[in-house]
Amino acid sequence: PFFNQKMDQESLPPHVLIFPLPLQGPVNSTFKLAELLCFSGLDITFLLTENIHNRLISHTNINSRFERFPGFQIKTISDGLPQDHPRKGSKYMELFDSLKSKTKPLFKDMLTSGWLSSDGKRREVSCIIADGVLGFTCDVANEIGIPIFSIRTISPCCLWIFFCLPQLIESGEYPFKDDDLDEPIKSVPGAETFLRRRDLPDFCRTGDLTDSNVQLYKTEGQENSRAYGLILNTFEELDGNLLSQMRNVCPNIYPIGPLHAHLKNKLSEENNSMPPSSNSLFEEDKSCINWLNNQLPNSVIYVSFGSIATMTKEQLMEFWYGLVNSKQRFLWVIRLDSVAGDDWKNKIPVELAEGTKERGYIVGWAPQEEVLAHPSVGGFWTHCGWNSILETVYEGKPMICWPYFMDQQVNSRFVEAAWKLGLDMKDTCDREIVEKMVKDLMMVRKDEFLERANQMSKFAKKCLVEGGSSYSNFERLVNDIKSFK
Ligand code: UDX
């Protein structure tokens, strides 16, 4: 039985309702938090939209991972959209509208009607953890008097820009007055010395105040500060400067990342043989590990642009020539859907085929965490998805950044200018620039970058052991949740 009926409500552990943003990345990260909270003895109801539930549960090991926690259950709720709605691209914002109008009343009903119990009995929710972008969850929680925490799984540097959107608009910096993307941005406290227009999230380039992204994100500051606290996937030693700015708006922040490593540590502490939950949507090609085993330490640049980013055939060729001309060894992930069309495969220039045979290895999907931890890998050319950055920081590898969209434009600037962990290639795609950056990262400035990366990696590891910042913040979160019972 899900809940032990012999125990009365008082002696039961606190019961936390977790509601992630129904998108794959946030759901994955939030599952990691849920697992950590289960290890701390809390009962969890994890709320998924029916759509995400159907897509996710069918090809992940979530159900078997959580079998060992009798106090864990998954419940579903409708996102209010028809089954065949794409929920992405130009229709993406319809998801938010529907959640707000259709899901909100269902969510409220669920919390007030006792629908949550699996044994037919009512089980009180002691607190809610919901994605901060789902502001309606705060309305409901405040209305019925249940404490609520917000969680945001994107990069805090991008979240901070969202917080600052009202000031950017008020100061007249946004929308931009002309086309000069190198113009400095002054209304983002903590980043005044290095932020440029081109480093803002890509949707800012439309210059349209009515843009649905602007409309959605410009209320983040107010929305997140309505919750009791804000949970973030970062650590003090990486984002301390920004976090102290953010605390002026949201005083109670719990930076508990890097979440992937936090959970891995917990699993090994518990001598748990369960492998960490996989982020993989595609089948991993493990043969690249054998290839890496035969390379020299720090000699390989790993290249991957995550699960969504795509490139044109022309961009593919520029990247490929740049890599081959750099004469560095490379392991490259080209997903089946990375490049539009298939015909490039039949037209690979001889010099690229030969250069790749000699020094490169291409796979459709890699076991990324294992690759980044491999001693032969000396750098990562990444699209700067937040998970990729945290995984790279943890393993102490420097980065070349080729951001694709959203938070990645911000993250890449922070990698280069705030953390000094690599080079930002944004807005260019030219074989000579690729060649130069790869050589700079892997040869010319190798020692400098590796030293910085090693230093940050030490902080990332230290913050997760007893007494470390993320470890302590997580303990504080659990204690605060328990205090609400
Ligand atoms: C998206 C957005 O792009 C990103 O900006 C946002 O911060 C989170 O959601 P995605 O593009 O997939 O995610 O990038 P990222 O956050 O880096 O996540 C990719 C995940 O896939 C990582 O955990 C990485 O380890 C994994 N991966 C990637 C593999 O396991 N193998 C690969 O070959 C490539």
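Order of listing sets the numbers, starting from 1, for every ligand and every atom in it. Predicted model, so just to flag it, every value in this text is computed and none were measured.
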Problem set entry | Leu259 CG to Ser29 OG distance, which is reported to the nearest 0.5 Å | 6.5 Å

Exercise. With a 4.0 Å heavy-atom cut-off (strictly under), which part of Ser304 contacts ligand 1: side chain, backbone, both or neither?
Worked result: side chain

For this session: Report the C-alpha separation of Lys420 and Val415 in whole Å, then their side-chain angles, then the decisive distance to 0.1 Å, and conclude whether the side-chain contact (heavy atoms from CB on, under 4.5 Å) test is met.
Result: CA-CA 6 Å; Lys420 309 215 175 341; Val415 167; over 6 Å; no

For this session: Indicate, as side chain, backbone, both or neither, the part of Asp407 found under 4.0 angstrom from ligand 1 when only non-hydrogen atoms are considered.
Result: side chain

For this session: Spell out, as yes or no, whether a donor-acceptor pair under 3.5 Å connects the side chain of Arg198 to the backbone of Arg196.
Result: no

Exercise. Are any of the N/O atoms in Asn387 less than 3.5 Å from those in ligand 1?
Worked result: yes

For this session: Please work out which of the three classes, parallel, tilted or perpendicular, describes the rings of Phe414 and Trp419, given edges at 30° and 60°.
Result: tilted

Exercise. Just going by heavy-atom distances, which of Glu391, Gln368, Arg335 is nearest to atom 34 (C) of ligand 1?
Worked result: Gln368

Exercise. Quick check: does any side chain N or O of Trp320 sit under 3.5 Å from a backbone N or O of Gln315, one acting as donor and the other as acceptor?
Worked result: no

Seminar exercise, completed: A student comparing Cys158, Ala366, Ala309, Cys288 should find that the heavy atom closest to atom 30 (O) of ligand 1 comes from Ala366

Seminar exercise, completed: Honestly, for His383 the part within reach of ligand 1 (heavy atoms, under 4.0 Å) is side chain

For this session: Assess Gly385 for proximity to ligand 1: is some non-hydrogen atom of it under 4.0 Å away?
Result: yes

For this session: Is it possible for you to check whether Lys461 lies under 6.0 Å from the centre of the six-membered ring of Tyr394, through NZ or CZ, and within 45° of that ring's axis?
Result: yes

Seminar exercise, completed: side-chain contact (heavy atoms from CB on, under 4.5 Å) test vs Val438 passes for just one of Glu435, Met442, Lys436, namely Met442

Exercise. Which one holds for Tyr302 and ligand 1: side chain close, backbone close, both close, or neither close, with close meaning a heavy atom under 4.0 Å?
Worked result: side chain

Problem set entry | Those atoms of ligand 1 less than 4.0 Å from some heavy atom in Phe405 | 3 (O)

Exercise. Is there at least one pair of N or O atoms, one from Ser307 and one from ligand 1, spaced under 3.5 Å apart?
Worked result: yes

For this session: Please work out whether any backbone atom (N, CA, C, O) or any side-chain heavy atom from C-beta onward of Tyr404 is under 4.0 Å from ligand 1, and answer side chain, backbone, both or neither.
Result: neither

For this session: Provide the number and element of each atom of ligand 1 under 4.0 Å from a heavy atom of Gln408.
Result: 2 (C), 3 (O), 4 (C), 5 (O)

For this session: Give the minimum heavy-atom separation between Pro403 and Gln409, together with the two atoms involved.
Result: CB-N, 3.7 Å

